[in-house]
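What follows is a short report on a single structure.
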Amino acid sequence: MTALPPEPVRKLGLVIDLDTCVGCHACVIACKGWNDVAYGAPLGDADAYGADPSGAFLNRVHSYEVQPPDGPAQHVHFPRSCLHCDSAPCVPVCPTGASYKRAEDGIVLVNEDACIGCGLCAWACPYGAREMDPSAGVMKKCTLCVDRIYNDALPEQDREPACVRTCPSNARHFGDLADPESAASQLVEARGGFALMPETGAAPVNRYLPPREKDWDETGWGDETDVLAPWLAPVAEEPQGFLGWLDRTLGKV
Amino acid sequence: MSDQPTPDLAPRVSDTIRKTTCYMCACRCGIDVHLRQGRPVLIEGNRDHPKNRGVLCAKGAAGLKQVTSPARLRAPLRRVGPRGSGQFREISWDEALDTALSWLKPLHDAAPEKLAFFTGRDQSQSLTGWWAEQFGTPNHAAHGGLCSVNMAAAGIYTLGGSFWEFGAPDWDHAKLLLLFGVAEDHDSNPIKMGLARLKARGARIVGVNPIRSGYSAIADAWVAITPGTDGLFILSLVHELLKAGRIDLDFLARFSNAPVLLDSDPASPTRGLFLRDDAGRPQVIDRRTGKLAPWDGQGVQPDLRGRLRRAGVTHVSVMHEMADRYLAPHWAPEAVAGRCGVTPAQIRRIAAELARAAFDDPVILHRPWTDFRGHRHDSMVGRAVAVHAMRGISAHSNGFQTARALHLLQTLLGAVETPGSFRFKPPYPKPADAHPRPHSRTTPGQPLPGPALGYPQGPEDLALRPDGTPARIDKAFSWENPLSVHGLLHMVIPNAAAGDPYRIDTLFLYMANMAWNSSMNTRGTIDMLTAQDGDGYVIPHIIVSDAYSSETVAYADLVLPDTTYLERHDCISLLDRPISEPDRAADAIRWPVVTPDRDVRPFQSVLLDLGARLGLPGMTRNGAPRYRDYADYITTHERRPGIGPLAGWRSGPAGIAHGRGDPNEAQLQSYIANGGVFQAEIPAEAQYFKPWNAAYQDWAVTFGLADAPQPYLIQLWCEPLRRFQLAAEGHGVIQPPDHLRGRIIATHDPLPGWHAPMSDGFEDPVEYPIHALSQRPMAMYHSWGSQNAWLRQIHGHNPLYLPTLWWDRLTLKEGDWVRVISSRGTLTVPAAHMAALNPHTVWTWNAIGKRKGAWGLDPAAPEATRGFLLNHIISELLPDRGDGRRWANSDPVTGQAAWFDLRVRLEKSAAPTESQPAFAPVSPPPGTGPSATEDAC
Amino acid sequence: MHPARSLIAFTTLSGLGFGLLAWLGIDPTPPTGAVAAAFYLVAAALALAGLGVSALHLRRPERAWRAFREWRTSWLSREAWTAALALALSGAQGLLLTFGTGLLPALGMGLAPLGWLAAAAALGTVLCTAMIYAQLATVPRWHHWSTPALFLALAITGGALLSGRIAVASVALALTGALQLWCWWDGDKRFARAGHSLATATGLGGIGTPRPLFPAHTARSYVMDEMVCTVGRRHARKLRALSLALMTVLPVVLLQLPMPHLFGFLALVSHVIGVFVSRWLFFAEAEHVSGLYYGRR
Ligand SMILES: Nc1nc2c(c(=O)[nH]1)N[C@H]1C(S)=C(S)[C@@H](COP(=O)(O)OP(=O)(O)OC[C@H]3O[C@@H](n4cnc5c(=O)[nH]c(N)nc54)[C@H](O)[C@@H]3O)O[C@H]1N2
Ligand SMILES: Nc1nc2c(c(=O)[nH]1)N[C@H]1C(S)=C(S)[C@@H](COP(=O)(O)OP(=O)(O)OC[C@H]3O[C@@H](n4cnc5c(=O)[nH]c(N)nc54)[C@H](O)[C@@H]3O)O[C@H]1N2
Ligand code: SF4
Ligand code: SF4
Ligand code: SF4
Ligand code: SF4
Ligand code: SF4
Ligand SMILES: [Mo]
């Protein structure tokens, strides 16, 4: 199963909006919670209350500071999980066939029953998206909530990834990125969504929406020819003048 | 492909789903708790809940780990070692209640004020406040005084409602949102959902915050304000808008007290008070007649230009005073910008953006409505400018006035309760004078004559003893802070230890981690809790109710172990801090969705039990307990006839009634059947202009939020403040002590003003040139989060973030440590660099640092070895200036704890083995600790 | 990358073992009898010890047999096959040489192809091992033809040393040393050459220069432990010198001394220690691109 399937007709994936992500980590814990009870072995933690805790998480939220050439530094929250790559390099390296990409929707999964925990797939992933479970000793990764999106035991509206369902800022979207008509593809189109590290050749399916332009720098804080200047044209500099203006203005109505 | 594995695509993760209310923070979202054979296995957001509509934050989803935490207390505890040693004996509930009774009964019978009952972040304040009132002690408050009373008091005295969780931006219509000093707030999820809605509509967000993180990180523009200077910045915006005449004259005239006439005679003993008619109604000039008229007369059209000379005294409208005040050149952008750490151009830019957003394209909703003067409006016209603010404004000792300035700005723009602006959530709006006044007169064996907390209208409402000294242990409602409407939790222990104003006997704490992250001056507080005099401990008895082994538990003589939030009934009541949204009133419950596996009891039930054993009037009937337990109280208690803790599914003459109605035995069942929540949509015609909208006022009466319509005006001129000023000027019979006169005159300005943070007068800003702040991490709740196996992996320790200027000055590099020195003490902590910071501000995450041995963690946990609190170097008192007085580090109007006034200087340090100061470990109470994991249950 | 002891031991020992097997396989005048037994046992022991240790690296070693499955795409699977094949073929050869002395004349030149096949499988195993690393575009330092070249060179050199081929070993040592030096020199530039940066990793380069601000988590994680290990890189230069000295320079000198048994043995020991250090550096200095997200490489 380690060969990549022919290009899937559907490419399910996530679209993550860096303009609205506030870095709240809700998606991190929703993902942990779901995957602790659903797909495969529970997501383990080691030394949970100890001096050196660690655990498997399938989604992590970083935070970066970006210094533009001029203007104040900006701050971008950055969720990171498996991108369900088209040419997933994590798949062919797997010796057991445990790691595979689904032919029907492109989701990249690990068959935990076959995994020997060699870690090679994680080494092959450029995005650091795979984590070995500290308890079960098998490779864990984002399943794109394959056991939610097709889960007929769940109400229809809940058949979406746990992280998408929970995101309070609506920064996570799920859909078929092979279908240009899907809402997800439309978002990518409208907002100039991009892929991470295209130079790795992994061809990620997930897309990121860039932060919108910040700090009103198209006019600058201090531009004198500001279109806004008329909004502050004085009617009076002095209290007396102001009260005169008030008289005139109220007299009119 | 044939050999592609087929995973189980439809796992059934649970056998039961129970809907209740989250309590991983005070936002109180609806949750679906999935159970497998009675054990909770997954928590998701309730899609039908008005608060969160299905979304959930990190803490909410991690709630599972709170219910299995190794820090959970397991049985009542009686101290056996010295205080603070953490040595306890597990006792029975009978012994626990008898012990409590043996301390409380004598106090109740002889000196009820010797019981100080203070609560932290609980959501049962309507119960705890009522209990204290029945006990007869004025010494009760919740945590508001150390949290955001500046915001609450300024909002209620000015607008009749406040930010905090009592109001919200009109997310559907606002085009510009100004966010002042908000990192997370109580409305955690609604704010995030709202920001997303703004973004989706292309609305713009401006973050005014020394730190660009969280909400400010996604804001379109960032104002890197210098802490404590927002008032200057805001009043400069006011200056620019007034100068340009960009104000909503119609709104001001109709809905604010700008047209109300004031005595403006400098020599008059009533200078600055309103001109009133015989019925006491403030007067305006009616534009139709040019004559005096009461503010609320039918058809009256108040004239902003009002001016009148009567009996030799000139009266002018508040508008005159405002013009005089805010057009003065010292509010000009050039005059304030440097101090605020912004440029004049930035101030102008924002003023212009405000003017454009407010007046270029008003929001018009085609909903006719009628105001309280009988005037019919064809549509609802609003201003698409919303403002929201929180502790960045509030937690400074000038925060009351700053929040008032913000409300002035909103009012000038017509941006209060209008479409597109800031909206109240029921039971607000409710003006200050519709709230009770504070009560403090104690009678042994008797209840207080009314609630301890309230809204003073003048010196006669202060809580003073006959000799003029404070009647309350926290000195709330004293001349030191007359409008301290939430009390001063942060002063209880220091005052009790100092015997100033008097000694107490029993300190009863519920849900407040006062020996750690909730106190200023942690070390000092610990010393006060353990201080002894000849007869033993200076505070003879300490009772603590907690659910977990917090740092404070170690200082208790008696511990009443609480259930966790999935194991008990709770009531999120309209009488308390409800979960309403601007277009709907809502309340909710928690109910035991899992059964406790330890010898713990819900605190509220224990409190009612104690009350009954004490024979408190409200809690007994014919000598027997009045309530079986808290659930029984929730269903059957009535505050006023027909009004109980819960508004939904009461019983009316013709079956079920909402709002008003008799108790209904089956009420809780109805809540449970409806996901734990009740909501009542406000009729469309009543959804905006609530304070003035006759339809809303009538709805509020029908629903039971008020007993009669109570329209009111926005109090730009705040008369109660003027009354305190007048007293300080020497008028009236109730007089402040002389040493406070000057400060009252300077800070109780009836028009919004700005004064420098109080500490500037006590310590040298040049010696301590850097502001030090803390922020809420979105994925942690105060101290509770660290016991959570999942959350602590995200925030297990915290560095101090330094701006580039100081990072370079100290030549720091990654991995370096710094010494942080305030006038109170020194920290040595890991440093990190952050460029998007006000150049003279450093900060860290709040409440990550933990004491060794607490919270069920390994004593070598990173929270204890690398984590730290700023609290160790913040003081509850301002530095001694040799006048023999204890000056609280609080706002002089409200008593709000001035956490964010902290100033420090920095030095590079060699890396110590652990962050400093290091505290000796406490020994974990029985049954807690890292080995007491979930498998033990 | 985390310099896992199991992987360092495995690649070093099995490289040596398979190198020896390769030399034994192509030896036109192979040892026989007890001498053969000794040689083959040493070689097999090294190879098997290496494989055994490598199983420690698996989190589910009881399922190791599953690794044979995906030989069509996976170098790890191919390594399993070639290793098994090499051990089988060499085993057959070794058994014949040891116990089948009587049969040998009958087989005559017939034994040679078996040896060549065994040698090919042994070197194939080393190649597969090396390809496991070389295929990883995520680790630019490894993703290069020189990775298999160096692994093979070391196997051949080590094998030569072990089998007492002094002249060949001397030359091989010199060449391998040169190759190793070049690998370090060129390897240092490969990450930059690959063009990955935090800007491309986050796609935020269009706005300005990104740098990590808040960590995604303060606790440890598998990715950080495994991929973002930076321990000991500070000493890399010294360790390189040490490695080169022990691995090649010293052995070459020792081999030129009299008493070949003693100094040959010392040369071998020195070489093996040198290879251990080199392998440690191979992992410790390797920078995984995912480290960019953590602000580390
Ligand atoms: N996740 C989470 N949510 C919480 C809590 C929690 O612990 N965790 N706690 C709850 C509680 S009790 C409260 S009170 C609320 C508090 O909610 P917030 O008010 O959002 O709380 P803080 O984190 O104190 O944030 C204060 C903000 O003000 C900024 N600030 C400080 N000084 C100034 C100033 O002078 N001017 C301006 N403009 N900004 C300034 C700080 O940089 C910071 O961003 O959060 C509640 N919600
Ligand atoms: N430096 C600095 N310090 C601050 C602030 C700041 O911004 N900076 N913010 C201040 C503010 S606004 C606030 S509100 C305070 C918050 O301070 P607190 O209200 O003290 O909040 P917590 O630390 O969460 O402590 C609450 C206690 O309640 C306990 N508890 C939790 N759940 C339950 C339960 O179900 N039942 C019972 N009985 N107990 C329970 C916890 O174990 C804990 O001991 O901190 C203040 N301290
Ligand atoms: S839940 Fe949404 S807003 Fe929060 S960190 Fe994840 S993507 Fe960002
Ligand atoms: S992100 Fe990594 S784990 Fe996911 S498909 Fe791509 S290479 Fe594989
Ligand atoms: S860790 Fe498991 S899934 Fe990954 S390559 Fe090894 S066997 Fe395959
Ligand atoms: S799609 Fe599912 S598995 Fe993947 S990150 Fe989101 S919640 Fe986790
Ligand atoms: S914001 Fe989070 S923690 Fe707070 S109530 Fe909602 S889900 Fe719970
Ligand atoms: Mo608070």
Side-chain angles (χ1 to χ4, degrees), chain A residues 1 5 19-20 22-26 28-30 32-33 37-39 45 48-51 53 55 65 67 72-75 77 100 102-103 109 111 146-147 150-153 165-170 214-216 221-222 228 231-239 242-243 245-247 249-250, chain B residues 1 3-5 7-13 41-42 45 55-58 61-62 70 189 192-193 195-196 199 212-215 217-218 220-222 240 243-246 304-305 323-324 327 343 345-346 348-349 351-352 355-356 778-779 789-790 792-794 835-836 856-858 860-861 930:
Chain A
M1 252 331 289
D19 191 58
T20 58
V22 293
C24 69
H25 296 267
V28 174
I29 302 291
K32 178 95 173 170
V37 288
Y39 193 95
D45 298 297
Y49 305 99
E65 189 162 73
Q67 182 62 62
Q74 298 178 20
H75 182 171
H77 305 289
Y100 67 104
R102 281 160 55 93
L109 290 179
N111 172 8
V146 68
D147 50 357
Y150 299 115
N151 190 339
D152 49 26
R165 186 193 193 281
T166 213
C167 174
S169 312
N170 201 23
K214 293 272 149 70
D215 295 321
W216 291 336
W221 287 105
L228 290 162
W231 286 102
L232 292 185
V235 295
E237 307 273 359
E238 298 285 309
F242 174 81
L243 293 169
W245 167 82
L246 197 62
D247 261 339
T249 316
L250 291 176
Chain B
M1 263 191 231
D3 63 346
Q4 177 175 298
D8 178 4
L9 293 183
R12 267 149 236 264
V13 300
V41 291
L42 176 71
V55 310
L56 211 58
C57 80
N189 280 330
K192 294 178 186 76
M193 292 155 74
L195 292 175
K199 291 251 177 189
R212 189 176 212 174
S213 66
Y215 306 153
I218 67 161
D220 297 274
W222 173 50
E240 286 297 293
K243 207 171 77 175
R246 299 292 179 186
L304 284 175
R305 298 162 297 176
D324 269 350
L327 286 167
T343 63
Q346 248 176 318
R348 291 214 166 78
R349 175 70 198 248
R356 177 165 71 175
M778 291 178 182
W790 294 346
R792 71 184 288 253
Q793 294 186 49
I794 298 174
L857 301 178
D858 188 313

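Proteins come first, then strands; the chains are lettered A, B, ... in the order of their sequence lines, and each starts at number 1. These numbers were taken from a predicted model, which means no experiment stands behind them. In what follows, every heavy atom counts, from backbone to side chain, and hydrogens, waters and symmetry copies are set aside.
- By number of non-hydrogen pairs under 4.5 angstrom with chain B, the leading residue of A:Q67, A:H77, A:E238 is A:H77.
- Looking at B:R246, the atoms closer than 4.5 Å to chain A (heavy atoms on both sides) all sit in the side chain, from C-beta outward.
- Formation of a donor-acceptor pair under 3.5 Å by the B:Q4 side chain with backbone atoms of A:A103 is found in this model.
- A distance-only check finds no donor-acceptor pair linking the side chain of B:R356 to the backbone of A:L228 [under 3.5 Å].
- For the options A:A48, A:A153, A:G50, heavy-atom pairs under 4.5 Å to chain B are most numerous at A:G50.
- For the residue pair A:W231 and B:A355, the shortest heavy atom distance occurs at CZ3-O, 3.7 Å.
- For B:E240, the parts lying near chain A are the backbone and the side chain together; criterion is any non-hydrogen pair under 4.5 Å.
- With B:Q793 contributing its side chain and A:P53 its backbone, the two residues share no donor-acceptor pair below 3.5 Å.
- No donor-acceptor pair closer than 3.5 Å links the side chain of A:K32 to the backbone N or O of A:G55.
- Interface check for chain B: of the options A:D19, A:L246, A:N111, A:T20, the most heavy-atom pairs under 4.5 Å are formed by A:D19.
- By number of non-hydrogen pairs under 4.5 angstrom with chain A, the leading residue of B:A196, B:C57, B:A217, B:A62 is B:A217.
- Interface remark: of the candidates A:A236, A:A30, A:A38, A:C167, A:A236 forms the most heavy-atom pairs closer than 4.5 Å to chain B.
- Between the side chains of A:D45 and B:W790, at least one donor-acceptor pair of N or O atoms lies under 3.5 Å.
- Within the 4.5 angstrom heavy-atom criterion, atoms from both the backbone and the side chain of B:R348 approach chain A.
- At a 4.5 Å heavy-atom cutoff, the contact between A:H25 and chain B is made by backbone and side-chain atoms alike.
- A 4.5 Å side-chain heavy-atom check between A:I29 and B:I794 finds at least one atom pair inside the cut-off.
- Comparing B:R305, B:M778, B:M193 by how many heavy-atom pairs each has under 4.5 Å with chain A, the most go to B:R305.
- Taking chain A as the reference chain and counting heavy-atom pairs below 4.5 Å, the highest number among B:D8, B:L327, B:V41 is found for B:L327.
- In plain terms, the two heavy atoms of B:L9 and B:P11 that are nearest each other are C-CD, 3.4 Å.
- For chain B, the nearby parts of A:L232 are the backbone and the side chain; heavy atoms of each come within less than 4.5 Å.
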